[in-house]
Amino acid sequence: MTSLSRRPDSCGKVRDIYDMGDALLMVATDRISAFDYILPDEIPFKGEVLNRISAFWFERFADLVPNHMISIDPADFPPEFSEYSTYLAGRTMLVKKARPIPIECIVRGYLTGSGKKTYDQDGTVCGIQLPAGLTEASRLPEPLFTPSTKAAIGEHDENISFEQTVDIVGKETAETIRDLSLTIYTEAARYAAQRGIIIADTKFEFGIIDGKVTLIDECLTPDSSRFWPADSYVEGAVQPSYDKQYVRDWLKAHWDFSGDAPKLPAEVIEGTSARYREAYVIITGETFEAMKERV
């Protein structure tokens with residue numbers, strides 16, 4: 001939780017949320033989760049990197065799809081939070097309140113992770129048949145929309161078919177979030193490629209604001225995406241990445257996933273923080289400077 005005197009109205013895996021009536025104050029902490037576990041260690045600057053990368057994409061895609069962002073400037077936050085401006089700076093976003101659509105909108109452009117596992121078993125990814133001969137990190141013939149349920153903290157998301165998505169949210173909404181997810185991913189992947197990054201896959205969330213499907217939560221961050229450096233990409237091998245894959249790999253090598261999650265060694269914490277900040281610099285084209293230094 002944050003160090004504010006007021007307790008959050010709700011807490012996600014990595015965010016603390018304050019209800020402002022018709023708006024929410026979303027604080028991206030430095031907590032990190034992996035495999036649906038919240039780890040005991042924090043990653044320095046992580047919250048600010050995630051928040052500011054999301055703000056970058058929200059602004060970039062504002063003409064493509066409405067989003068919930070109002071401001072990340074502490075001067076625009078409600079007066080009761082003014083004494084916490086230094087802590088909130090950079091890591092916090094004031095957003096319009098939305099009615100969440102209960103679907104994780106995952107788009108996969110490359111074969112890796114859980115998709116590679118099921119492909120090796122039966123040639124499919126989330127039930128979608130793919131050509132034979134693909135391997136680790138193969139580019140897919142076209143990006144795939146592979147939705148999942150949105151699980152509560154401590155529970156696991158479940159991959160579902162598009163037909164199941166229709167059953168949950170209705171045909172019109174399902175088609176809208178599918179088409180928007182694929183469009184945003186395609187545009188983001190094209191931009192990122194020019195910056196030397198491959199976006200292997202990503203996750204979007206949507207809600208309803210004023211009757212319109214709206215992009216919410218975070219957008220194309222190292223927590224919701226796999227970012228690979230293009231200059232070292234080699235099909236058939238596990239790729240180095242700017243996301244939390246470094247943490248996932250360490251956990252798989254050092255933990256049997258029973259009991260409480262282990263503490264991370266200093267080199268993993270420092271290395272992960274450096275990867276997050278490097279992703280920010282490459283994506284935005286700006287030098288990373290913590291916003292709290294300017295408050």
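Quantities reported herein were computed from a predicted structural model and do not represent experimental measurements.
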Problem - CG/Asp260: more than 12 non-hydrogen atoms of other groups inside 6.0 Å - result: no
Exercise for the section: State the CZ-CD distance between Phe288 and Glu278, to the nearest 0.5 angstrom. Expected result: 13.5 Å
Handout entry: Heavy-atom side-chain proximity of Ile184 to Leu64 below 4.5 angstrom
Key = yes
Practice task
Assess whether atom CG of Asp63 is packed by more than 12 heavy atoms of other residues, nucleotides or ligands within 6.0 Å.
Solution key: no
Handout entry: Nearest-0.5 Å distance, OG1 of residue Thr221 to CZ of residue Phe227
Key = 6.5 Å
Exercise for the section: Tell me whether the centres of the aromatic rings in Phe61 and Tyr191 are closer together than 6.0 Å. Expected result: no
Practice task
Kindly write out the residues that satisfy salt bridge (Lys or Arg N to Asp or Glu O under 4.0 Å) with Arg226, not counting sequence neighbours, or none if the list is empty.
Solution key: Asp201
Problem - Rounded distance (nearest 0.5 Å) linking atom CD of Glu59 with atom OG of Ser54 - result: 11.0 Å
Handout entry: Cation-pi check, Arg6 onto Tyr18 ring (under 6.0 Å, within 45° of axis)
Key = no
Fill in the blank from the handout: side-chain contact (heavy atoms from CB on, under 4.5 Å) with Lys97: of Ile209, Asp22, Asp19, only one passes, and it is Asp19
Practice task
Quick one: do Ser273 and Arg277 satisfy side chain to side chain donor-acceptor pair (under 3.5 Å)? Show the steps, please.
Solution key: CA-CA 6 Å; Ser273 178; Arg277 283 175 281 152; 3.2 Å; yes
Exercise for the section: Mind telling me whether Phe206 and Phe204 have parallel, tilted or perpendicular rings, with 30° and 60° as the class edges? Expected result: tilted
Practice task
Return yes when atom CD of Glu267 has more than 12 non-hydrogen atoms of other residues, nucleotides or ligands closer than 6.0 Å, and no otherwise.
Solution key: yes
Practice task
Inspect the surroundings of CZ in Arg99 and state if more than 12 heavy atoms from other residues, nucleotides or ligands are less than 6.0 Å away.
Solution key: no
Problem - Atom of Ala261, atom of Leu39 and distance for their closest heavy-atom approach - result: CB-CD2, 3.6 Å
Problem - salt bridge (Lys or Arg N to Asp or Glu O under 4.0 Å) against Glu270, all qualifying residues, sequence neighbours excluded - result: none
Practice task
Would you check if Pro102 and Val169 make a side-chain contact, meaning some heavy-atom pair closer than 4.5 Å?
Solution key: yes
Practice task
Using a 4.5 Å cut-off on heavy atoms from C-beta on, say whether the side chain of Ile283 contacts that of Arg195.
Solution key: no
Handout entry: Single-linkage hydrophobic cluster Phe145~Val65, side-chain heavy atoms < 4.5 angstrom
Key = yes
Practice task
Spell out, yes or no, whether Trp228 and Leu220 are grouped together once hydrophobic residues are joined by side-chain heavy atoms under 4.5 Å, including indirect joins.
Solution key: yes
Handout entry: Where Ala200 and Tyr185 come nearest, the two heavy atoms and their spacing
Key = O-OH, 3.8 Å
Problem - Transitive ILVMFWY side-chain link Ile106 to Phe162, under 4.5 Å - result: no
Handout entry: Atom pair CD/OG1 of Glu42 and Thr272 - distance to nearest 0.5 Å
Key = 13.5 Å
Handout entry: Check: Gln239 and Ile198 side chains under 4.5 Å, non-hydrogen atoms
Key = no
Exercise for the section: For the residue pair Tyr276 and Asp223, confirm or rule out a side-chain donor-acceptor distance under 3.5 Å. Expected result: yes
Exercise for the section: Decide yes or no on side-chain contact (heavy atoms from CB on, under 4.5 Å) for Met69 and Leu215, but give the supporting numbers first. Expected result: CA-CA 9 Å; Met69 183 175 71; Leu215 185 61; over 6 Å; no
Problem - side-chain contact (heavy atoms from CB on, under 4.5 Å) between Ile43 and Ile269, intermediate numbers included - result: CA-CA 6 Å; Ile43 305 298; Ile269 293 172; 4.1 Å; yes
Problem - Atom of Lys13, atom of Ser33 and distance for their closest heavy-atom approach - result: CD-OG, 4.0 Å
Handout entry: Within the 6.0 Å centroid threshold, strictly below: Phe35 and Trp255
Key = no
Handout entry: Residue pair Arg31 / Asp16, side-chain heavy-atom distance below 4.5 Å
Key = yes
Handout entry: Ser161 backbone acceptor or donor facing Thr165 side chain under 3.5 Å
Key = yes
Practice task
For side-chain contact (heavy atoms from CB on, under 4.5 Å), just list the numbers for Thr173 and Ile103, CA-CA rounded to whole Å, side-chain angles, deciding distance to a tenth of an Å, and then say yes or no.
Solution key: CA-CA 11 Å; Thr173 297; Ile103 299 294; over 6 Å; no
Practice task
Tell me, yes or no, whether the heavy-atom count around Gln129 atom CD, taken from other residues, nucleotides or ligands under 6.0 Å, exceeds 12.
Solution key: yes
Exercise for the section: Check step by step if side chain to side chain donor-acceptor pair (under 3.5 Å) holds for Arg52 and Tyr280. Expected result: CA-CA 8 Å; Arg52 289 172 64 182; Tyr280 174 88; 2.8 Å; yes
Exercise for the section: State, with a plain yes or no, whether a side-chain heavy atom of Val27 is found less than 4.5 Å away from one of Tyr87. Expected result: yes
Exercise for the section: Could you walk me through whether Glu218 and Arg15 pass the side-chain contact (heavy atoms from CB on, under 4.5 Å) test, one step at a time? Expected result: CA-CA 10 Å; Glu218 63 184 309; Arg15 287 186 189 79; 2.9 Å; yes
Exercise for the section: Please answer: with hydrophobic residues joined when any side-chain heavy atoms are less than 4.5 Å apart, are Val49 and Leu264 in the same cluster? Expected result: yes
Practice task
Examine distances only and state if a side-chain atom of Ser225 and a backbone atom of Pro222 form a donor-acceptor pair shorter than 3.5 Å.
Solution key: no
Fill in the blank from the handout: Note: Asn67 and Phe58 closest approach over all heavy atoms is ND2-O, 3.1 Å
Handout entry: Residues clustering with Leu111 (ILVMFWY side chains joined when closer than 4.5 Å, directly or via others)
Key = Tyr119, Val125, Ile128, Leu130, Leu134, Leu140, Leu144
Exercise for the section: Work out which heavy atom in Pro143 is nearest to a heavy atom in Val107; give both atom names and the distance. Expected result: CB-CG1, 3.9 Å
Exercise for the section: Give a yes or no on whether Val14 and Tyr242 share a hydrophobic cluster (residues Ile, Leu, Val, Met, Phe, Trp, Tyr; joining criterion: side-chain heavy atoms under 4.5 Å apart). Expected result: no
Practice task
State, yes or no, whether a side-chain contact exists between Arg108 and Cys126 at a heavy-atom distance under 4.5 Å.
Solution key: yes
Practice task
Kindly determine whether Ser71 and Asp73 satisfy side chain to side chain donor-acceptor pair (under 3.5 Å), including the steps that lead there.
Solution key: CA-CA 6 Å; Ser71 178; Asp73 186 344; 5.3 Å; no
Problem - Value rounded to 0.5 Å, distance of CE in Met26 from OG1 in Thr92 - result: 10.0 Å
Problem - Asp76 and Ile70, any side-chain heavy atoms less than 4.5 Å apart - result: no
Problem - Rounded distance [0.5 Å steps], CD in Gln164 versus OG in Ser148 - result: 11.0 Å
Handout entry: Check: Asp210 side chain, Lys212 main-chain N or O, donor-acceptor pair, under 3.5 Å
Key = no
Practice task
Compare every heavy atom of Asn51 with every heavy atom of Gly90, then report the nearest pair and how far apart it is.
Solution key: O-ND2, 2.6 Å
